[in-house]
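Report on the structure given below.
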Amino acid sequence: MHDEADEADDRPQSLPASMADIFLALVGVVVIMLLSLAPALEDSRAPAPHFDVGEAAAFVAEDQGLRVAGGTASTTPLAAIVGSRALADALRAAAGDGRDVVLLIEPQGHEAAFLFGALAYRAGIGRIRQIRLAEPCGRAGDAAVTRLCTGGSLEADR
């Protein structure tokens, strides 16, 4: 036998209260998401970085290999970077002259940059400044980076 009183007991007693619980849980999730995204939002509004590099020996990591910025030498292929005596000599000369070593990494130059790190370690270079570029070196929008790409220095920015 089925009683209407039993049916009334099966219905939720407080539908608005359960809706309020769901709403508060969703608000809590949104607040936590906003708090976790806050550092990323602050970084996107940060001013452009100032390069504190004086006389620099700049190298450009490209998709096909590595080249000395502003030099007339051709690009050293990926397979020859680690064993390149010319690149190692250029690194040692830069360190000996007290110049900073700057590696400009083009969008597809990650492998060349990795290999350059191994070469620099073998050459005894302790510090390499890296600048990751959004576009190839020849089309860099920043004047300081363009000067580095062509073998210039950043002295004008000081």
Side-chain angles (χ1 to χ4, degrees), residues 19-158:
M19 293 290 284
D21 289 342
I22 291 173
F23 176 74
L24 289 175
L26 286 173
V27 167
V29 168
V30 169
V31 167
I32 290 172
M33 288 175 57
L34 288 175
L35 289 175
S36 65
L37 290 175
L41 295 174
E42 289 174 11
D43 288 345
S44 67
R45 291 178 287 184
H50 172 73
F51 300 111
D52 187 22
V53 178
E55 284 295 317
F59 297 83
V60 181
E62 303 171 333
D63 61 342
Q64 299 298 315
L66 186 79
R67 68 177 172 85
V68 177
T72 57
S74 62
T75 300
T76 303
L78 291 171
I81 290 174
V82 175
S84 173
R85 181 174 300 280
L87 288 174
D89 289 344
L91 279 168
R92 285 189 197 101
D97 295 344
R99 293 181 291 161
D100 292 319
V101 175
V102 178
L103 178 62
L104 301 165
I105 304 171
E106 290 188 348
Q108 301 300 319
H110 301 293
E111 186 174 357
F114 177 78
L115 294 170
F116 180 78
L119 173 70
Y121 176 77
R122 288 182 62 198
I125 305 300
R127 181 176 173 172
I128 302 170
R129 296 177 184 253
Q130 296 183 5
I131 301 173
R132 288 176 173 75
L133 304 175
E135 295 184 23
C137 208
R139 296 189 309 223
D142 187 274
V145 172
T146 301
R147 278 197 303 279
L148 276 176
C149 288
T150 58
S153 72
L154 295 176
E155 288 295 318
D157 287 352
R158 286 188 168 195

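Heads up: numbering here begins at 1 and tracks the sequence.
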Donor-acceptor pairs are to be reported for all side-chain atoms of residues 111-127 against protein atoms at under 3.5 Å, with residues two or more places apart or in another chain.
residue: Arg122; atom: NH1; partner: Val82; partner atom: O; Å: 3.2

Identify every side-chain donor-acceptor pair in residues 20-34 under 3.5 Å, counting partners at least two apart or on other chains, and give the distances.
none

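In this structure, Gln108 has no side chain to side chain donor-acceptor pair (under 3.5 Å) partners at least two apart in sequence or on a different chain. Among residues two or more places apart in sequence or in another chain, the side-chain contact (heavy atoms from CB on, under 4.5 Å) test is passed with Ala93 by none. Under the salt bridge (charged side-chain N to carboxylate O under 4.0 Å, His left out) criterion, Asp89 pairs with Arg92, not counting sequence neighbours. Taking Ala90 as the reference, Phe59 meet the side-chain contact (heavy atoms from CB on, under 4.5 Å) condition, with sequence neighbours excluded.
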Leu87/Val68 under side chain to side chain contact (heavy atoms under 4.5 Å, CB included): CA gap, chis, key distance, verdict = CA-CA 8 Å; Leu87 288 174; Val68 177; 4.0 Å; yes
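Contact detail for Ala134 and Pro107: the closest heavy-atom pair is O-CG, 3.4 Å.
More than 12 heavy atoms of other residues, nucleotides or ligands lie within 6.0 Å of CD in Gln130, so this atom counts as buried by the packing criterion.
Looking at Leu66 and Leu103, their side chains come closer than 4.5 Å, going by heavy atoms from C-beta outward.
The distance from the CD atom of Glu106 to the CZ atom of Arg132 is 13.5 Å, given to the nearest 0.5 Å. Between Arg67 atom CZ and Thr76 atom OG1 the span is 11.0 Å, to the nearest 0.5 Å.
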